[in-house]
There are 2 protein chains.
Amino acid sequence: MTTIKEVAEKAGASVTAVSLSLNHRENGHVKKEVAQRIRRTAKELGYRPNPLARSLRTSRTRTIGFISEEIATTPYAGKMILGAQDAASELGYMMLLVNTDGKGKETDEIAALKRYGTDGFLYAKMYDRISSVPEDLTGCPTVLLDATDGRGKDGVPFIVPDEVAIGYDATMYLIRAGCRRIAYVGCSEPLIAEPLRRKGYVNALKDAGLEHDPSLSIQVLNNRPALKAVERLFDDARPDAFFCFNDARAWYVYEAAARRGLTVGQDISVVGVDNSRIISETFDPRPTTIELPHYEMGYWGARKLISIIEGHPLKPADTTNTLAEMPPLDAPCPVRIHCSIVERGSVTKRKNGGTVHEA
Amino acid sequence: MTTIKEVAEKAGASVTAVSLSLNHRENGHVKKEVAQRIRRTAKELGYRPNPLARSLRTSRTRTIGFISEEIATTPYAGKMILGAQDAASELGYMMLLVNTDGKGKETDEIAALKRYGTDGFLYAKMYDRISSVPEDLTGCPTVLLDATDGRGKDGVPFIVPDEVAIGYDATMYLIRAGCRRIAYVGCSEPLIAEPLRRKGYVNALKDAGLEHDPSLSIQVLNNRPALKAVERLFDDARPDAFFCFNDARAWYVYEAAARRGLTVGQDISVVGVDNSRIISETFDPRPTTIELPHYEMGYWGARKLISIIEGHPLKPADTTNTLAEMPPLDAPCPVRIHCSIVERGSVTKRKNGGTVHEA
DNA sequence: TTGTAAGCGTTATCAA
DNA sequence: TTGATAACGCTTACAA
């Protein structure tokens with residue numbers, strides 16, 4: 001590894017001049033000509049500053065810590081991590097990863113991260129819920145991922161999926177495909193997402209001028225009772241399409257359909273949220289899956305965090321492209337991204353089907 | 001943050017004495033009494049050495065880099081990362097995570113990791129295959145995860161699942177549950193795991209004294225053709241159980257069973273490899289899933305790597321507990337772990353159903 | 001056994 | 001404009 005000293009010698013300048021020039025802060029301190037010479041020889045030598053030495057001096061490390069209680073408990077974790085890592089990489093940051101048990105270990109891991117000098121923290125949950133950020137993080141730049149701390153705009157900045165929009169789009173997709181008796185197979189666990197996705201479903205029906213038949217909406221848990229409930233739904237309400245809260249719920253629809261000799265994507269249509277992918281991998285493409293925006297939450301969470309660290313606000317324009325275009329009906333695996341970024345003191349504004357909160 | 005200097009002052013000793021004492025290298029240099037006093041005051045002050053400063057001096061960072069081409073492309077990535085992180089954490093290491101595209105970006109990310117001074121690298125793939133480690137890593141401590149470089153024991157140390165044992169155990173599990181006509185639903189893609197799992201299946205049948213009926217073995221890809229093939233298998237060979245290469249293959253068995261009014265876990269039994277979990281989540285527990293040892297690969301990979309970094313060999317005893325006990329037949333979701341660690345110059349030895357390669 | 005000081009590679013201060 | 005030099009917090013060679 002070549003050092004600043006070597007560059008200075010080769011370029012016939014002082015280390016000061018080199019440091020200043022390479023950080024583009026030479027104005028009025030180093031002659032333009034010299035600065036250019038320095039940059040040239042630095043490039044020739046393939047010089048890259050030693051981040052450790054730099055950090056020791058500046059007490060800024062250009063690293064962020066990704067803290068997750070349950071990296072492995074859901075298949076989606078990887079996407080959130082990937083998104084965060086991509087953003088970090090784009091902005092010249094490194095990402096340190098720790099897993100915690102949410103208890104004593106958490107304190108230790110956070111302490112370790114702090115010792116390594118991470119500039120900020122991504123605190124990730126694996127499904128939207130109210131979750132308080134550990135005390136050890138107060139005062140540190142932090143962004144909550146897939147959770148809120150319940151203190152709204154006074155709380156820690158957070159990124160959550162726009163669940164209403166997800167339900168709306170899934171349902172509208174089925175409507176546009178010509179379905180008229182669209183069922184909703186929800187989840188009877190108390191999840192934040194549940195009523196919101198259902199709300200989107202109801203809104204879409206309303207906007208399309210379709211009657212909202214309550215007998216088409218059910219909530220199920222799992223195993224036989226869930227299957228039985230779905231079978232009753234098939235037989236009593238006779239839906240021509242299903243919007244399923246998630247893949248697990250969609251499974252029962254597939255099973256019930258198979259038992260009736262019906263083929264999904266032919267006799268009935270199914271759209272489910274989530275991404276275990278098995279459905280879209282194994283069966284024909286049209287009955288499909290809407291992915292939760294885990295990648296986007298990670299990506300925009302990291303951008304948001306770094307913007308806080310560096311003291312420049314994340315411009316609203318930065319966030320709008322999280323909303324992808326609605327794919328054509330014949331696209332093989334249509335997916336739409338819904339992701340909203342909320343920060344303290346922000347104002348809500350509806351935009352292109354998703355919700356963007358601006359500062 | 002309290003510094004070594006502050007500890008020295010408070011304890012009435014020199015920084016040298018403090019450094020030596022806290023690193024437990026005081027023998028013959030610092031009076032025992034003084035060393036103890038130093039350690040006490042260090043504890044009182046909650047002193048923790050600054051890793052950056054230490055690394056700058058020692059050029060060892062106690063960090064490892066986890067390199068993955070495709071963190072997000074499979075649901076299993078998270079587990080491997082978790083395992084590696086757990087091991088790192090236990091051994092006092094931090095883990096830096098980067099994602100690459102396998103091309104130009106990879107070189108950049110590796111360079112970045114090197115600049116940050118990572119002591120070693122975990123190079124992870126997401127399914128067992130032959131994969132060469134990037135040149136940039138030659139000379140650096142590296143462990144390949146879920147892949148081999150094809151150079152056998154002369155190559156880079158690697159960790160891969162013991163696929164034969166997986167197939168053996170899955171099949172034996174069905175045999176022990178009383179099944180007699182066990183089908184194998186494989187995957188017709190050219191995967192390393194395919195013939196190995198099948199081999200385990202055949203071995204188990206043989207060991208149990210059951211006839212190996214070739215008409216019970218099929219390989220399918222996906223969509224309608226896969227479903228049709230499985231349906232033919234149902235109708236022609238009349239199996240009472242299925243060992244499926246993975247969840248995606250298992251899906252077709254569920255679908256075909258449902259179409260015949262058969263209930264899995266009642267009329268037929270199914271064991272599948274992989275962990276999308278949807279099967280075990282939604283249906284009765286007995287027809288179940290064998291998870292690939294992603295966590296273990298990450299965990300033992302990191303231990304292996306750190307042992308290389310620190311220059312002390314990983315003792316075989318360390319690896320044996322990767323082989324969990326065979327769970328009782330009535331366990332809700334029986335899982336068995338198969339993970340083998342291979343290193344240069346090692347010798348194979350069969351142990352407790354799994355394969356452990358000893359140095 | 002103890003402590004002083006050099007050095008790791010930067011950035012920042014300040015005198016020239 | 002320029003370039004010594006101190007400082008960041010630690011480890012370690014070496015002198016006392």
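Following rounding to the nearest Å, B:Glu6 (CD) and D:dC8 (C1') show an atom-to-atom distance of 13 Å. In this structure, B:Leu52 places its CG atom 12 Å from C1' of C:dC8, rounding to the nearest Å. If you take CG of A:Leu56 and C1' of D:dC10, they are 8 Å apart, rounded to a whole angstrom. The CG-C1' distance, from B:Asn27 to C:dT2, rounds to 15 Å in whole Å. Atom NE2 of B:His24 and atom P of D:dT11 are 12 Å apart (whole Å). The distance between atom CD of A:Glu9 and atom C1' of D:dG3, rounded to the nearest whole Å, is 14 Å.
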Contact string for nucleotides 10-16 of chain C, one letter per nucleotide 5' to 3', B = base within protein heavy-atom range under 4.0 Å, S = sugar-phosphate only, - = neither, reads BBBB---
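Two residues, B:Pro51 and A:Ala13, neighbour DNA chain D, and the one matched to the more 5' nucleotide by heavy-atom proximity is A:Ala13.
Within the model, atoms CG of B:Leu96 and OG1 of B:Thr63 stand 5.0 Å from one another, a figure rounded to the nearest 0.5 Å.
Under 3.5 Å, the side chains of A:Tyr299 and A:Gln85 contain no donor-acceptor pair of N or O atoms. Between A:Asp86 and A:Tyr295, the side chains place a donor N or O and an acceptor N or O closer than 3.5 Å (distance only, hydrogens not considered).
Without hydrogens or angle criteria, B:Glu9 side chain to B:Glu6 main chain gives no donor-acceptor distance under 3.5 Å. Remark: side-chain polar atoms of B:Thr100 are not paired, donor with acceptor, to backbone N or O of B:Lys105 under 3.5 angstrom.
Here B:Lys114 does not pair with B:Glu109 in a salt bridge; the nearest charged N to carboxylate O distance is not below 4.0 Å. For B:Arg60 and B:Asp119, the salt-bridge test passes: some basic side-chain N is under 4.0 Å from an acidic carboxylate O.
An angle of 60°, rounded to 10°, separates the two end axes of the helix from C:dT1-D:dA16 to C:dA16-D:dT1, each defined over five pairs.
Tested against B:Glu26 for a side-chain hydrogen bond (donor to acceptor under 3.5 Å, both in side chains), the candidates B:Lys31, B:Arg39, B:Lys32 yield a single pass: B:Arg39.
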